[in-house]
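Data first, discussion second: the structure below is written as structure tokens.
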Amino acid sequence: MSLASRQVGLVAEYTGRFALRSGTGLVFVLASLVTGLLLAQLILGPVEFTQEGIEGADEGEAVEVILETARPVVSWIVGRASGDESVGERWTAYLLDDRPALLSGILLLTMFAWPFLVALGAGNPFSGDVGSRRIRYLLLRVPRTRLFFGRLAGTLAFVLATLVVIVAIVTLYLGFNIGIYGWGELLGWAAWGVLAMTLMTLPYVALFGWISSAVDTPVGSFTLCLAVVGGVPLVALLGGNAWEPLSWARYLSPWGVQHQLMHYDVLHVVGAAAACLGYTAAFVFLGHRHFSRRDL
Amino acid sequence: MSSDAHKPPAKDGIAIEGLCKRFGSVRALDDVSFRVPLGSVFGLLGPNGAGKTTLFSIVADFVRPDSGRAKILDIDVRDARSLLGRFSILPQDAEFERNVPVWDQLYYFRRLAGTAPDEARADVERTLGLVGLAEHRRRSIQALSHGMKKRLGIAQAFLGDPDVILLDEPTAGLDPQSVRQIRDLIGQLKSRATVVVSSHNLDEIQELCDHVAILDRGALLAAGPVEELTRSGRELDLELSRALSAEERRELEDVGGVTGVRDRGDARLSLTLDLGNGRDQDAVVAEILRLLMSRDVVPRSLAEGRSLEAEFLRRVSSGAPASEDVPPAA
């Protein structure tokens, strides 16, 4: 292994380790677990409430209860994402009828909240260390480029590990406690969900890396990350109502394409994945350019 | 000590060439140029806001200059990869990871430099022992006193025996025992590494350094060997068996090379010597002693005075430009 790859690996490894020891890393893990499980509870609560009825009922009645629970959530989200009623209906049917409906609902809701949580976990890869000048001890030993990519890789791994834990808990709960889906169907859809959310996480981590490389206080960086995550869809939604071209603002962040990763049409999925990778490349380029040129 | 048999030896430890840096309207460095000889212990002097820390930050490539450049071992500091492991710095105000034990942080730094795990462990143990922190290796940073943190900073700077070490105020805030320990450590580095020390403590610089540069308000006032810079204002402290009469004092002032006599009370004097025009210090001192002995005055002690401090104060108050001084240290 070359020195460069060893250094990037070490920076990534210690970024994860030190994040766990620092307050913000723990806050992210706890906030993600609590949020993820609360969102799952939103979907699972009504089902659990009628659990006895489901167990005593035939399969058709059980499915009806589940669909009634998940349909409003799923159709609202995909309706907003598609902007076309017929596409929305077909998309909803794909997620509810062709795939495990409960897991679809939980994944879509989590995708909605995930960028805000990622801002907590990935909003400070540089700013705290730059502000306290801690980063200077590292700059003596690692070129800036390797430090930048190592930090991003470590942050991404930390965030994704948390995501996997949440999805795993939910999937195992669905498999063991609700017990109406086959394990193959459930695990396959959960794996796809993790892959889709990984693709969607990439540009956010890159975006937050860029923001963090430009703002020297962790609070400032977190605030700006959250403002971008929440502000872009808000401007697109409210501004778009007032003046239609403003709705295009949703494409300033991955928000405009992220839900397409769960689309029934493979072309939409590929397009959304390519867009996510494109956003990632652009944000990484901007972040790296700023980080490698600025005073640290 | 790292070495490279294929490359010719470097000419300079550090070369500063026309560095300029502004922070908004503040001119932090204004066309600063000087050289730090290889293997020297070099003092960087200047009042607060003189630009010392900015200069260190540029040399370490933390901060980019507006113009000019800095080289370490003849390598441009922007070429970070070629310099990895060959130089180190004790930054003035950098913090360590708060919740991570001392040992883990140093081990991480050593591993980052490309060292194998076993060697890294041995290096960390040795360096912690060197700065007296071995028994605190498992403590986290917030459990360390200010002095211990400073020693940890010095430990990270000494890790891996770099060829060039920059120490920004290494003894600031330390107790006298730790100050002595750090000075001894720096003294031990003489001839093994090029060391640049910035300090407000001029006695410390005079004790440790063979070369100095004086900065004020971003401008270089002087640079060169301490011996050369203080030739026109060498201080000599004398303690005598009795106080001198006015006539004896006048006779002392008439000795060639003596430009000033200051009475410090209790039969103690400070003489200012001008060793310009190749005048030999030993000859001047011998002449002074002969005169005193001939008047039955016994010198009880004779010591080098605060020549550098006097010179520093003179330069800073007059703002004498570098061009009037000895050429940059060669």
Side-chain angles (χ1 to χ4, degrees), chain A residues 1-27 124-151 153-154 213 216-218 288-296, chain B residues 21 23 28 53-54 56-66 77-101 104-117 120 140-141 152-153 155-157 159-160 162 164-166 168:
Chain A
M1 194 189 288
S2 70
L3 178 62
S5 51
R6 258 205 323 267
Q7 284 183 322
V8 171
L10 271 168
V11 171
E13 178 191 337
Y14 277 80
T15 299
R17 275 199 203 185
F18 290 172
L20 263 185
R21 295 190 194 216
S22 75
T24 49
L26 276 179
V27 166
N124 180 27
F126 304 109
S127 35
D129 279 359
V130 173
S132 66
R133 304 204 167 157
R134 202 159 36 227
I135 204 158
R136 294 186 166 187
Y137 291 124
L138 303 178
L139 290 172
L140 292 171
R141 294 158 175 102
V142 195
R144 290 186 184 206
T145 296
R146 294 176 199 170
L147 182 57
F148 181 81
F149 283 102
R151 275 286 165 97
S213 73
D216 288 356
T217 62
H288 175 258
R289 194 175 69 154
H290 188 76
F291 185 75
S292 57
R293 290 179 180 185
R294 64 163 297 187
D295 290 345
L296 292 168
Chain B
K21 180 70 181 177
F23 294 106
T53 298
T54 302
F56 271 25
S57 299
I58 290 174
V59 172
D61 197 32
F62 301 149
V63 169
R64 301 280 158 85
D66 298 332
V77 296
R78 301 291 296 273
D79 185 7
R81 287 173 202 186
S82 303
L83 283 168
L84 287 181
R86 299 191 70 188
F87 94 100
S88 185
I89 182 172
L90 166 69
Q92 192 183 47
D93 45 8
E95 295 173 8
F96 287 93
E97 289 281 350
R98 282 190 194 162
N99 300 310
V100 181
D104 293 20
Q105 303 209 33
L106 294 188
Y107 178 73
Y108 174 40
F109 293 157
R110 201 68 197 106
R111 291 280 285 124
L112 273 182
T115 314
S140 63
I141 300 302
L152 179 59
Q156 69 77 33
L159 266 181
V164 176
I165 303 173
L166 312 180
D168 199 354

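Letters A, B, ... mirror the listed sequences (proteins, then strands); counts begin at 1.
Annotation: maximal heavy-atom pairing with chain A below 4.5 Å, among B:D104, B:V100, B:D61, occurs at B:V100. When A:R133, A:R6, A:R293 are compared by the number of non-hydrogen pairs under 4.5 Å with chain B, A:R133 comes out ahead. The choice from B:R81, B:Q105, B:Q156, B:E97 that makes the most heavy-atom pairs within less than 4.5 Å of chain A is B:E97.
Between A:P218 and A:N124, the closest heavy-atom pair is CB-ND2, 3.8 Å. The two residues B:P162 and B:S88 make their nearest non-hydrogen contact at CG-CB, 3.6 Å.
For A:S2, no part lies near chain B; criterion is any non-hydrogen pair under 4.5 Å. Looking at A:L140, the atoms closer than 4.5 Å to chain B (heavy atoms on both sides) sit in the backbone and in the side chain alike. Looking at B:S140, there are no atoms closer than 4.5 Å to chain A (heavy atoms on both sides), in backbone or side chain.
For A:R144, the side chain to side chain donor-acceptor pair (under 3.5 Å) criterion is met by no residue, not counting sequence neighbours. With sequence neighbours excluded, the residues that form a ring pair (Phe, Tyr, Trp, His ring centres under 6.0 Å) with B:F109 are A:Y137. B:R110 meets the salt bridge (charged side-chain N to carboxylate O under 4.0 Å, His left out) test with B:D123; sequence neighbours excluded.
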inquiry  = One pair to check against side-chain contact (heavy atoms from CB on, under 4.5 Å): A:L147 and A:L139. What are the steps and the verdict?
reply    = CA-CA 8 Å; A:L147 182 57; A:L139 290 172; 3.8 Å; yes
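Looking at A:R146, its side chain never comes within 3.5 Å of a backbone N or O of A:L3 through a donor-acceptor pair.
Proximity to chain B at a heavy-atom threshold of 4.5 Å picks out A:Y14, A:F18 from residues 12-19 of chain A, in numerical order.
Ring pair B:F62/B:F56: centre-to-centre distance not below 6.0 Å.
Side chains of B:T53 and B:D93 form no contact here, defined as non-hydrogen atoms less than 4.5 Å apart.
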